[in-house]
Protein chains: 2
Amino acid sequence: MSETPKRSKNQLKSHIRAQNQALILSTAERVFARQGLAKTTTQMIANEAGLPKANIHYYYRSKKDLLEAVLESILQLWLDSVSQFNVETGPRHNLTRYISEKLDQSRLNPNASKVFAMALIGEEPFVLEFLRRYFVDELQKEKQTIDTWVAQGLMKPVAVEHLFITIWAMTQTYADFDAQVKILLQKDELDESDFDEAKQFVTRMVLLSCGVEEA
Amino acid sequence: MSETPKRSKNQLKSHIRAQNQALILSTAERVFARQGLAKTTTQMIANEAGLPKANIHYYYRSKKDLLEAVLESILQLWLDSVSQFNVETGPRHNLTRYISEKLDQSRLNPNASKVFAMALIGEEPFVLEFLRRYFVDELQKEKQTIDTWVAQGLMKPVAVEHLFITIWAMTQTYADFDAQVKILLQKDELDESDFDEAKQFVTRMVLLSCGVEEA
DNA sequence: GAGAAAACTGACCGATCGATCAATATCTAC
DNA sequence: GTAGATATTGATCGATCGGTCAGTTTTCTC
């Protein structure tokens with residue numbers, strides 16, 4: 001976040017600030033995901049973080065500021081994950097890895113996915129702006145990579161936008177709508193084996209549609 | 001709703017009640033979808049329906065009652081749509097029809113999909129109970145139908161639960177997250193041709209994964 | 001350890017919203 | 001037409017919530 005000037009011990013310029021901001025941010029992400037954006041009160045976040053409400057407002061002026069801070073940390077994480085497509089290792093490896101990684105994210109951090117989903121459905125300007133600013137260009141890079149693979153005969157031509165839209169839909173549905181998935185699979189909780197089945201299923205679907213043979 | 005006793009003209013027992021409830025219900029669905037559940041105030045619904053707020057509460061005791069009424073009408077519509085699988089016309093026709101129908105629903109009534117999505121993410125007990133009560137059994141019927149097709153050699157065996165989870169995810173993403181889709185497709189509005197491309201893409205994916213040749 | 005900066009917090013405020021209610025009006029059955 | 005049922009609505013209440021602020025405590029700097 002900030003440069004680290006010469007300093008005794010291991011304290012940043014304002015270690016208290018950094019520490020409390022991090023605590024509030026992670027707590028807020030959890031509560032936002034559980035309660036929804038509008039239903040979440042600053043009091044809930046304060047209680048769960050073990051701080052007085054006024055202290056929350058000391059670090060984040062408004063509830064909207066706090067929400068945007070949470071969203072930014074989520075979106076940055078996701079952007080990093082998309083940008084790891086590597087043209088040299090070919091479509092099978094990259095698509096398999098990406099789907100696996102997205103489903104791991106859904107399993108390990110469903111809250112983040114839900115916060116993003118709710119903000120997107122609600123068309124929060126902050127999220128739309130972030131997508132416009134960063135994801136559109138990123139998708140162009142993946143499009144070029146896939147074009148290269150097609151030219152090399154490694155896969156069939158596909159509608160890249162729809163490919164990513166459907167991959168995101170399929171992988172995130174296991175986080176966003178996990179309540180529905182649990183009901184349909186008749187399970188109280190989804191375990192790693194459920195996500196492994198989902199990985200297999202989604203990966204097979206995607207590879208087939210790209211004309212890539214499975215391993 | 002109620003039985004129709006012998007009556008002059010074409011009026012039900014309480015035509016005023018039925019009329020106003022219908023007006024409030026359709027207005028509420030629209031506003032809930034636009035504003036989100038918690039952000040929607042009864043005043044907004046009242047304004048948009050052209051009624052005083054107290055009149056809304058005369059027909060629906062609480063905001064929660066109204067939300068549940070809206071959700072029930074949405075879920076009933078969807079349940080009807082799932083239950084049209086017909087074993088006699090084979091997998092290709094049925095899967096193609098179902099995906100087309102789901103994407104038509106996403107295009108023509110994105111609001112309904114969004115209301116459901118938000119309620120599901122928020123794990124509204126009413127929605128979960130409805131899914132448990134009706135959709136689980138319905139899915140069993142589709143499972144049997146598909147088993148029959150597999151036995152007839154019309155398609156490969158698939159994980160039916162994951163098949164429907166992913167079909168729902170892919171088709172509803174074009175309604176729920178249309179804002180994201182618009183940004184990635186660089187369009188101000190999604191038109192029928194965008195949905196036709198989505199239909200083609202999703203249908204091809206699903207049919208390939210089921211081992212069904214395309215038409 | 002003194003002075004300044006940063007952090008903390010209880011108490012409070014204004015606005016909003018769901019819900020109620022008493023009144024009045026309208027409709028229906030006979 | 002009249003009595004009872006049904007429908008309508010302005011006014012208002014109580015609760016909740018985001019946000020503020022003044023006063024205090026803690027931490028940092030020299």
Side-chain angles (χ1 to χ4, degrees), chain A residues 1-2 4-25 27-28 31-32 34-71 119 122 124 126, chain B residues 1-25 27-28 31-32 34-71 122 124 126:
Chain A
M1 296 297 170
S2 61
T4 54
K6 179 171 60 177
R7 185 157 297 285
S8 60
K9 310 213 171 174
N10 56 351
Q11 304 184 334
L12 295 174
K13 167 154 159 263
S14 177
H15 69 290
I16 294 178
R17 188 171 201 88
Q19 200 171 299
N20 282 346
Q21 279 183 332
L23 171 64
I24 293 169
L25 212 61
T27 307
V31 182
F32 274 135
R34 227 181 25 232
Q35 306 285 340
L37 310 179
K39 274 189 203 165
T40 299
T41 67
T42 53
Q43 188 64 63
M44 291 177 197
I45 298 170
N47 288 345
E48 195 148 327
L51 298 172
K53 190 180 70 167
N55 207 353
I56 306 289
H57 278 95
Y58 176 71
Y59 287 106
Y60 294 94
R61 240 162 244 262
S62 70
K63 187 181 169 184
K64 197 182 157 199
D65 281 0
L66 182 50
L67 172 63
E68 291 184 0
V70 169
L71 285 171
E124 290 279 338
F126 179 86
Chain B
M1 299 297 167
S2 62
E3 51 274 276
T4 55
K6 177 170 60 176
R7 183 157 300 281
S8 61
K9 312 213 169 171
N10 57 349
Q11 305 185 333
L12 295 173
K13 170 155 157 259
S14 178
H15 68 288
I16 294 177
R17 189 171 200 87
Q19 201 170 297
N20 281 346
Q21 279 184 332
L23 170 65
I24 293 168
L25 211 60
T27 307
V31 183
F32 274 135
R34 232 186 14 236
Q35 306 285 342
L37 309 178
K39 275 188 202 163
T40 298
T41 68
T42 54
Q43 188 64 62
M44 290 177 197
I45 298 170
N47 288 345
E48 195 148 327
L51 298 172
K53 190 178 69 167
N55 207 352
I56 306 288
H57 277 95
Y58 175 72
Y59 287 106
Y60 294 94
R61 237 164 246 263
S62 70
K63 187 182 169 183
K64 197 182 157 199
D65 281 358
L66 182 51
L67 171 63
E68 291 185 359
V70 169
L71 285 171
E124 289 280 337
F126 179 86

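Residue numbers start from 1 in every chain, and the chains themselves are labelled A, B, ... in the order their sequence lines are given, proteins ahead of strands. Only this structure's heavy atoms are used, side chains among them; waters, hydrogens and symmetry mates stay out.
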>> It should be established whether His57(A) places a side-chain nitrogen or oxygen under 4.0 Å from OP1 or OP2 of nucleotide dC8(C).
In response: no

> For the residue pair Gln35(A) and Lys39(A), what are the closest heavy atoms and their distance?
Replying inline: O-CB, 3.0 Å

>> Measure NZ/Lys64(A) against C1'/dC17(D) and give the value in whole Å, please.
In response: 18 Å

> Are any of Arg17(A)'s side-chain N or O atoms less than 4.0 Å away from OP1 or OP2 of dA6(C)?
Replying inline: no

> Between atom NE2 in His15(A) and atom P in dT26(D), what is the gap in whole Å?
Replying inline: 15 Å

> Is any side-chain N or O of Asn20(B) closer than 4.0 Å to OP1 or OP2 of dT6(D)?
Replying inline: no

>> I need the minimum non-hydrogen distance between Leu23(A) and Ala49(A), along with the two atoms involved.
In response: CD2-O, 3.7 Å

> Given dG18(D), dA7(D), dA19(C), which nucleotide is nearest the side-chain atoms of Ile16(B)?
Replying inline: dA7(D)

> Closest to the Pro52(A) side chain: dG10(C), dG10(D), dA19(C)?
Replying inline: dG10(C)

>> Please confirm whether the shortest side-chain N or O distance from Tyr58(B) to OP1 or OP2 of dT20(C) is below 4.0 Å.
In response: no

>> Please evaluate residues Thr42(B) and Tyr60(B) with respect to the criterion side-chain contact (heavy atoms from CB on, under 4.5 Å), reporting the C-alpha separation (whole Å), side-chain torsions for both, the decisive distance (0.1 Å), and the verdict.
In response: CA-CA 10 Å; Thr42(B) 54; Tyr60(B) 294 94; over 6 Å; no

>> Between Ile45(A) and Leu66(A), is the side-chain contact (heavy atoms from CB on, under 4.5 Å) condition met? List the steps.
In response: CA-CA 11 Å; Ile45(A) 298 170; Leu66(A) 182 50; 3.8 Å; yes

> Please give, in whole Å, the distance from dT9(D) P to Ile24(B) CD1?
Replying inline: 11 Å

> To the nearest angstrom, how far is Ile56(A) atom CD1 from dT20(D) atom P?
Replying inline: 15 Å

> Can you find a donor-acceptor pair, distance only, under 3.5 Å between Lys53(A) side chain and dG18(D) base?
Replying inline: yes

> Rounded to whole angstroms, how far apart are CG on Leu51(A) and C1' on dA7(C)?
Replying inline: 11 Å

> Tell me: NZ of Lys63(A) to C1' of dT16(D), nearest whole Å?
Replying inline: 12 Å

> How close or far is atom P of dT16(D) from atom NZ of Lys39(A), stated in whole angstroms?
Replying inline: 16 Å

> OP1, OP2 of dG18(D) versus side-chain N and O of Thr42(A): anything below 4.0 Å?
Replying inline: yes

>> If you only use heavy atoms from C-beta on, which nucleotide in dA7(D), dG18(C), dC8(C) is closest to the side chain of Asn55(A)?
In response: dC8(C)

> On DNA chain D, nearest-nucleotide positions of Ala54(A) versus Gln43(A): which is more 5'?
Replying inline: Gln43(A)

> Does Thr40(B) offer a backbone N or O that forms a donor-acceptor pair with the side chain of Lys63(B) under 3.5 Å?
Replying inline: yes

>> Expressed as a whole number of angstroms, how long is the span from Arg61(B):CZ to dC21(C):P?
In response: 11 Å

